[in-house]
Structure formats: C-alpha cells, structure tokens
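Each residue takes its place number in the sequence, starting with 1.
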Amino acid sequence: MSTRLALYEIARVHQLDAAGTQALFDAAGLAQEPPQVRQRLWPVTAILAAALGGFGLILWLAANWDTLGRLGRFALLQGVVVVMCVGAAWRPALRAPLGLLALLCIGGLFAYFGQTYQTGADAWQLFAVWAALALPLCLGARSDVLWAPWALITLTAVSLWTFAYTGHSWRVEPQDLSAFALAWLAAVGVVAVLSPALASWTGAGPWALRTSVTLSVMAVTLSALGALFHKTVAPHYALALALMAIAAAVLALRKTFDVFGLSAVALGLNTLLVAGLVRLMFWHIGNDDPISRLLLVGLVAAGLLAATVSTISRLARRHAQGADA
C-alpha cells in the first residue's frame with residue numbers, strides 16, 4: 001500500500017473531516033511539491049526544451065526557406081543567438097538552457113553561412129570556428145549542459161581535420177602518423193581542459209569530462225585498430241597503447257581518479273590488447289586449429305576483464321577510504 005492510500009485509510013478509520021484529512025496530508029509532506037521536482041525535473045525539462053527548441057528552429061527555417069529570404073534567415077538566426085545570450089546573462093536560473101539554445105543556433109548559423117556562400121572551407125573549419133565562438137559562452141554559463149556538447153563539437157572538428165589531412169579518406173597509413181599524433185594530443189588537451197584540475201576556472205563537471213574521455217577513447221581505439229589490421233602493423237598501434245597506458249595511470253591517481261573515465265580507458269586498452277593477440281594468433285602463428293586459438297583469445301579477454309574490474313574496484317575503495325580519513 002502506498003503512503004497516500006495509507007493516509008486515506010487512517011482518515012477513514014478515525015472519521016476525519018476534510019480539514020483534518022488535509023492537516024494529515026500536510027503533516028506527511030504530501031501536500032507540497034516534492035523537492036526532487038524542483039531540483040531535477042524542471043531543470044531537465046528546461047534543458048530538453050532548449051535542445052528541442054534549437055532543433056525545431058532549424059527545421060522551421062528549412063520549411064520556410066523560400067519565404068524568409070537570405071536576409072531574413074540571417075536575421076532570425078543571429079537574433080536568436082543575441083536574445084538567448086542576453087537572457088542567459090539576465091536570468092542566472094535559466095542560464096544553462098538558454099546558453100544551450102544559443103550554442104545550437106551558433107552551429108545553425110555557421111551551417112547556413114557555409115551553405116549560402118559556398119566558401120570552400122572544409123567541414124572541420126566550421127566546427128572549429130563554432131567551438132571557438134562557443135567557448136566564451138561555455139565559460140560564462142559554467143555548466144555541463146554546454147561543456148558536454150562543446151566537447152562533442154571540438155572533438156568532431158579534430159576528427160574531421162584528421163579526415164581532411166589524410167586525403168579525405170579514413171585511411172591509417174604509416175606516413176599519416178604525425179596527423180594522428182596531433183589529433184590525439186588535441187583530444188587529450190580537450191580532456192585536460194574539462195578535467196577537475198581546471199574546474200574552478202571552467203565550471204565543467206563530471207559529465208563534460210566523461211563525454212570528452214569517451215569520445216577520445218573511441219577515436220584513439222578505432223584508429224589504432226585500423227593500424228593494427230593494416231597489411232603491416234602501422235606505428236599508430238604502439239603509440240595508441242602507450243597513450244592509453246599513460247591515461248590509465250593518470251586517471252588512477254587519487255587527485256584525478258574517475259571511475260567512468262578509467263573504465264573507458266581500460267576498455268579501450270583491453271580492446272587493443274585482445275585485438276593484438278588476435279592478429280598474432282591468426283596472422284603470425286601457423287597453427288591450423290582455429291578453435292584452440294579462439295579459446296585462448298577468449299580466456300585472455302576474460303582474464304583481462306576480470307583483472308581490470310578488480311583493479312578499478314580496489315582503487316575506488318582505496319580512494320574512498322582515503323577521502324573519508
């Protein structure tokens with residue numbers, strides 16, 4: 001039986017009138033709005049409304065393409081950006097959702113600019129300018145609501161830059177090592193900017209850090225897998241292993257420890273190690289029994305996973321005990 005039904009039963013047993021029943025519900029705290037609604041529901045609703053509002057604005061603009069004209073489209077997008085920025089500065093309680101709407105409209109404005117004037121710029125340049133212009137907005141809002149999409153925009157620009165530098169193809173050739181190294185260093189830089197060490201300056205929280213770590217691990221892992229299964233193993237694979245190992249060591253420290261981030265990096269590292277074993281077993285060992293090789297790969301993968309989970313759990317308990325002490 002729920003609390004509300006139990007109170008109704010008490011009121012019936014004791015034959016309380018309407019005033020007495022209302023007083024009973026007031027004493028139980030069921031007449032007021034639950035505090036979680038004000039703390040979580042309405043902020044989440046405002047953020048979803050901002051995201052859907054920005055998407056709806058872009059769709060409405062596309063639907064009325066011939067009606068507004070070039071000047072009208074630019075005026076609409078620029079006006080929304082200005083109004084949302086002013087509103088975010090004026091109403092601190094709505095700063096995050098209004099800032100998110102402004103961030104989305106900045107991207108829509110650049111997309112429309114590139115489509116209208118056909119500047120010939122690569123896609124990564126538009127994303128890079130979008131991230132640069134949105135950076136002051138993120139610093140002013142100091143919220144993960146803006147920092148998480150900013151990380152997505154920035155790392156998309158990094159990936160598209162790599163794509164452009166490698167001849168507009170997702171190739172992983174030995175001569176492209178410098179491009180991938182720069183891209184991975186840029187991804188590490190984004191993670192560092194959104195780390196707790198700079199949180200007092202940026203205002204970024206755990207979700208922005210986790211978004212950047214997840215996207216960075218995906219980019220490094222996928223590129224390294226392409227290098228591993230190249231006709232000859234490209235040096236990207238060894239570089240990715242070293243980078244992942246360093247990242248895991250840094251995230252395991254007490255000051256920078258994050259369970260989600262360390263788990264993501266460990267998953268990427270395990271994937272690369274198991275894939276390396278697969279390459280070794282099926283490309284370089286002349287055993288004609290594939291079942292035994294698959295069994296060995298499965299056992300090694302299970303052992304790595306068990307060791308990883310045990311190590312991360314032990315670190316989490318150790319750091320939690322150190323924080324309590």
Which other residues end up in the same hydrophobic cluster as Leu185, if Ile, Leu, Val, Met, Phe, Trp and Tyr are linked when side-chain heavy atoms come under 4.5 Å apart?
none
By ring pair (Phe, Tyr, Trp, His ring centres under 6.0 Å), Phe55 pairs with (sequence neighbours left out) none
Can you find a pair of side-chain heavy atoms, one from Met244 and one from Thr221, that are under 4.5 Å apart?
yes
Decide yes or no for Arg314 and Thr311: does some side-chain heavy atom of the first lie under 4.5 Å from some side-chain heavy atom of the second?
yes
For Leu267, the hydrophobic cluster (side chain heavy atoms closer than 4.5 Å, chained through members) also holds none
So ring-ring contact (aromatic ring centres under 6.0 Å, His included) across residues 242-273, not counting sequence neighbours, yields Phe257-His319
For a 4.5 angstrom cut-off between non-hydrogen side-chain atoms, does Pro196 reach Thr256?
no
Would you check if Thr154 and Trp130 make a side-chain contact, meaning some heavy-atom pair closer than 4.5 Å?
no
Sorted by first residue and then second, give each ring-ring contact (aromatic ring centres under 6.0 Å, His included) pair with at least one member in residues 206-233; sequence neighbours left out.
Phe229-Trp283
d(Trp147 CH2, Leu135 CG) to nearest 0.5 Å is 5.0 Å
Once salt bridge (Lys or Arg N to Asp or Glu O under 4.0 Å) is applied, what residue pairs with a partner in residues 135-145 remain, sequence neighbours excluded?
none
Is Met281 reachable from Val233 through a run of I, L, V, M, F, W or Y residues, each pair having side-chain heavy atoms under 4.5 Å apart?
yes
Does Arg210 have any salt bridge (charged side-chain N to carboxylate O under 4.0 Å, His left out) partners at least two apart in sequence or in another chain, and if so, which?
Asp258
Among Leu103, Leu94, Leu98, which residue satisfies the side chain to side chain contact (heavy atoms under 4.5 Å, CB included) criterion with Met84?
Leu98
side-chain contact (heavy atoms from CB on, under 4.5 Å), that's the test. Do Tyr237 and Leu225 meet it? Break it down for me.
CA-CA 7 Å; Tyr237 177 70; Leu225 288 176; 5.8 Å; no
Per the salt bridge (Lys or Arg N to Asp or Glu O under 4.0 Å) rule, what does the pair list look like for residues 77-86, sequence neighbours excluded?
none
According to salt bridge (charged side-chain N to carboxylate O under 4.0 Å, His left out), who are the partners of Arg91, at least two apart in sequence or on a separate chain?
none
Residue pairs fulfilling side chain to side chain donor-acceptor pair (under 3.5 Å) with at least one residue in residues 261-277, sequence neighbours excluded
Asn270-Thr308
Share the residues that join Met218 in a hydrophobic cluster, the rule being Ile, Leu, Val, Met, Phe, Trp or Tyr side chains under 4.5 Å apart at the heavy-atom level.
none
Applying side-chain contact (heavy atoms from CB on, under 4.5 Å), run through Val213 and Leu262 and close with a yes or a no.
CA-CA 9 Å; Val213 169; Leu262 182 57; over 6 Å; no
Please round to the nearest 0.5 Å and tell me the distance separating atom CD of Gln78 and atom CD1 of Ile106.
11.0 Å
Start with the C-alpha distance between Leu272 and Leu228, add both sets of side-chain angles, then the distance that settles side-chain contact (heavy atoms from CB on, under 4.5 Å), and finish with yes or no.
CA-CA 9 Å; Leu272 293 180; Leu228 175 64; over 6 Å; no
Should Leu296 and Val300 be marked as a side-chain contact (heavy atoms from CB on, under 4.5 Å) after you check the CA-CA gap, both sets of side-chain angles, and the distance that decides it?
CA-CA 6 Å; Leu296 178 60; Val300 171; 4.2 Å; yes
Under a 4.5 Å cut-off applied to non-hydrogen side-chain atoms, are Cys85 and Leu137 in contact?
yes
The complete set of salt bridge (Lys or Arg N to Asp or Glu O under 4.0 Å) pairs with one or both residues in residues 151-172, sequence neighbours excluded, reads Arg171-Asp176
Test item: Leu239 and Phe180 side chains (from C-beta on) under 4.5 Å apart, heavy atoms
no
So, do Ser216 and Leu155 sit near enough that their side-chain heavy atoms are less than 4.5 Å apart?
yes
is_close_aromatic(Phe127, Trp124), centroid dist under 6.0 Å
no
Determine whether Leu269 and Leu241 make a side-chain contact, defined as any pair of heavy atoms from C-beta on separated by less than 4.5 Å.
yes
